[in-house]
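Here's the structure, in structure tokens; my notes come after.
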Amino acid sequence: MTASGTHAGPHAGNGDDLDVEEALALVREPRADRTERAGHAAARPAGHPGHPRPHGHEGATPWPRAREIAAHAARTAERRPDVTVALGDALGLVLAAPLDALSDLPSFDTSAMDGWAVAGPGPWRIRDGGVLAGHAPPEPLTDGEAVRIATGARVPTGVTAVLRSEHGRTNPQDRLHPTREMSHGQDIRPRGQECRRGDQLLPTGTLITPAVLGLAAAAGYDTVTVVPRPRVEVLVLGDELLTEGLPHDGLIRDALGPMLAPWLRALGAEVVAVRRLGDDAKALRRAITTSRADLIVTTGGTAAGPVDHVHPTLDRMGAELLVDGVAVRPGHPMLLARTKAEQHLVGLPGNPLAAVSGLMTLAEPLLRALAAHPAPEPYRTPLREAVQGHPHDTRLVPVVLRGERAVPLHYSGPAMLRGIAAADALAVVPPGGAPQGAGMELLDLPWATAGIGVCFT
């Protein structure tokens, strides 16, 4: 039940930035054309039965509250124990224990520059040989002596300073003279300058970035204790889906199967499986009850049609429905349920952009909390053009960032991916819309800030 965009409608165009009229085109469509239907109702073959759930709009959770519920659900769930992983496997995870220094840093006095290690006042007699990083401890120096030294090399006993190569000259008698004034201890990194053994370098809860990996390695770590990645299983529902080739005979290409796994990985998850079940209630229940994932994500089937099996299956299982519909467009018929003490299910609408809305509304805060990722600081960017809103619901609108402005994109209908594929973020447009220049909260797409796979795969 997953489709890519299936109609052009009045907001088809060449993909350039919208003008005001084009940006408003979606909300000016006839209601029947723009009302979102769960379970791919808009993308199903003609004549397919399906209708909204009986509770309608009235039971929908406000969008900000839905995100709070998702994050809280993860924080109160039974968590898997922390794990110890090699540094090479820790990128994008969160420290589950403080990173304490295992030794002094540096662990001995080292040269901060290439040059000469000198003892006492100059000029100095240059000793044969040199001192290199990683070699045996050098012989002590006495006053009046100098020896060549490399950056990072252990400073010999008796040295009072390091004279940089560019700040010294030698005469024919092989004497070294400074070309500028020197100070005691110049260009020497003393032992323990950065930290002493036992100092806390980073607290529990720190996101492991490439710089954190470097610090951990410098401090002597081979492994770190971390919060494990949340395990996610994706269940793609719908008999009408093709996995290859062109759409034909009422069959459509599955757009969500290829999209969800990498998107979830970018959100910090370990995707353990992507399974295609069709419209089979027994297979759906079996898949949910046997899954060992922390989060199950389903696509489509969240309405009340004859083959929309998500709600009835959850009811029969006795699952706790935490969010049943969200006051957001697209994506209104999304849901969040607790299926076990340690497991949740996010039911995404079947239309592709509506599914993206569900990911960012429910899955993103839940996964972030499961992985103990710190919440990003909210920020606002002014709109370059006005955006008309839904009368009652929040709207999530794909935008690109141009200078210091957010520009709404074409092709933002529930069944369309063309707009989000070019977007940097989703603008959170409040009910009633927003005028030109209004500051909108933005939800960054995970690859827009970190690069695909940089921190999370």
Side-chain angles (χ1 to χ4, degrees), residues 84-91 93 95 97-226:
T84 299
V85 300
L87 291 187
D89 297 323
L91 188 64
L93 300 177
L95 289 176
L99 192 74
D100 296 335
L102 301 180
S103 68
D104 297 345
L105 283 182
S107 55
F108 47 81
D109 293 349
T110 62
S111 175
M113 292 288 172
D114 292 332
W116 293 272
V118 299
W124 304 274
R125 182 180 71 259
I126 300 176
R127 179 193 289 178
D128 290 339
V131 182
L132 301 177
H135 285 231
E139 292 294 323
L141 290 186
T142 58
D143 282 357
E145 284 188 315
V147 66
R148 274 285 185 184
I149 194 167
T151 301
R154 182 190 294 245
V155 171
T157 302
V159 169
T160 53
V162 170
L163 178 65
R164 300 185 187 190
S165 297
E166 62 269 27
H167 296 164
R169 64 176 178 84
T170 57
N171 61 19
Q173 290 75 39
D174 209 22
R175 295 281 179 169
L176 173 64
H177 295 261
T179 58
R180 61 176 60 189
E181 190 172 329
M182 293 182 60
S183 60
H184 191 277
Q186 178 176 305
D187 289 326
I188 294 176
R189 291 188 63 213
R191 177 175 181 165
Q193 182 185 51
E194 187 167 2
C195 64
R196 290 291 184 180
R197 180 179 178 180
D199 287 351
Q200 185 180 110
L201 303 176
L202 293 170
T204 298
T206 299
L207 181 66
I208 299 177
T209 64
V212 172
L213 292 177
L215 176 61
Y221 284 85
D222 301 314
T223 61
V224 286
T225 302
V226 296

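Nothing here was measured: the structure is a model prediction, and the numbers come from that model.
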Quiz item: Are side-chain heavy atoms of M113 and Q186 found at a separation under 4.5 Å?
Solution: no
Using residues 172-182 as the side-chain source, report each donor-acceptor pair under 3.5 Å to any protein atom, sequence neighbours left out, with the distance given to one decimal.
from	atom 1	to	atom 2	distance (Å)
H177	NE2	N171	ND2	3.2
T179	OG1	H167	O	3.0

Quiz item: Of all residues at least two apart in sequence or in a different chain, which pass the side chain to side chain contact (heavy atoms under 4.5 Å, CB included) check with T206?
Solution: L95, L202, P203, V212
Practice problem: Might you work through the side chain to side chain contact (heavy atoms under 4.5 Å, CB included) test for D222 and L87, ending with a clear yes or no? | Solution: CA-CA 6 Å; D222 301 314; L87 291 187; 5.8 Å; no
Exercise. Provide the closest heavy-atom pair for A146 versus W116 in the form atom of the first, atom of the second, distance.
Key: CB-CB, 4.5 Å
Practice problem: Could you list the residues that satisfy side chain to side chain donor-acceptor pair (under 3.5 Å) with R154, not counting sequence neighbours? | Solution: none
Quiz prompt | Atom pair OG/CZ of S111 and R189 - distance to nearest 0.5 Å | solution = 10.5 Å
Quiz prompt | Positive for side-chain contact (heavy atoms from CB on, under 4.5 Å) with V85, one of L91, T225, T223, V224 | solution = V224
Quiz prompt | Short side-chain to backbone donor-acceptor contact, T110 and I188, under 3.5 Å | solution = no
Quiz item: What is the minimum heavy-atom distance between L132 and A150, and which atoms define it?
Solution: CD2-CB, 4.2 Å
For residues 120-131, dump all side-chain donor-acceptor pairs below 3.5 Å to protein atoms at least two apart in sequence or in another chain.
from	atom 1	to	atom 2	distance (Å)
W124	NE1	A119	O	3.2
W124	NE1	G120	O	2.8
W124	NE1	P121	O	3.3
R125	NH2	E145	OE2	3.1
R127	NH1	E139	O	3.4
R127	NH2	P140	O	2.6
R127	NH2	E145	OE1	3.1

Below 3.5 Å, can you tabulate the donor-acceptor pairs from side chains in residues 97-108 to any protein atom, sequence neighbours excluded?
from	atom 1	to	atom 2	distance (Å)
D104	OD1	R197	N	2.9
D104	OD2	R191	NE	2.9
D104	OD2	R196	NH1	3.0

Self-check item: Partner residues of D114 under the side chain to side chain donor-acceptor pair (under 3.5 Å) criterion, sequence neighbours left out
Solution: T151
Quiz item: Which is it for S165 and R148 under the side chain to side chain contact (heavy atoms under 4.5 Å, CB included) test, yes or no, and what are the steps along the way?
Solution: CA-CA 9 Å; S165 297; R148 274 285 185 184; 3.2 Å; yes
Self-check item: Minimum side-chain heavy-atom gap P138-T157 below 4.5 Å
Solution: no
Practice problem: Check S183 against A161 and note the closest heavy-atom contact, atom names and distance. | Solution: O-CB, 3.7 Å
Exercise. Calculate, to the nearest 0.5 Å, the distance between atoms OH and CG belonging to Y221 and L213 respectively.
Key: 13.5 Å
Quiz item: What pairs with D187 under salt bridge (charged side-chain N to carboxylate O under 4.0 Å, His left out), at least two apart in sequence or on another chain?
Solution: R164
Quiz item: Quick one: does V147's side chain get under 4.5 Å of L141's, heavy atoms only?
Solution: yes
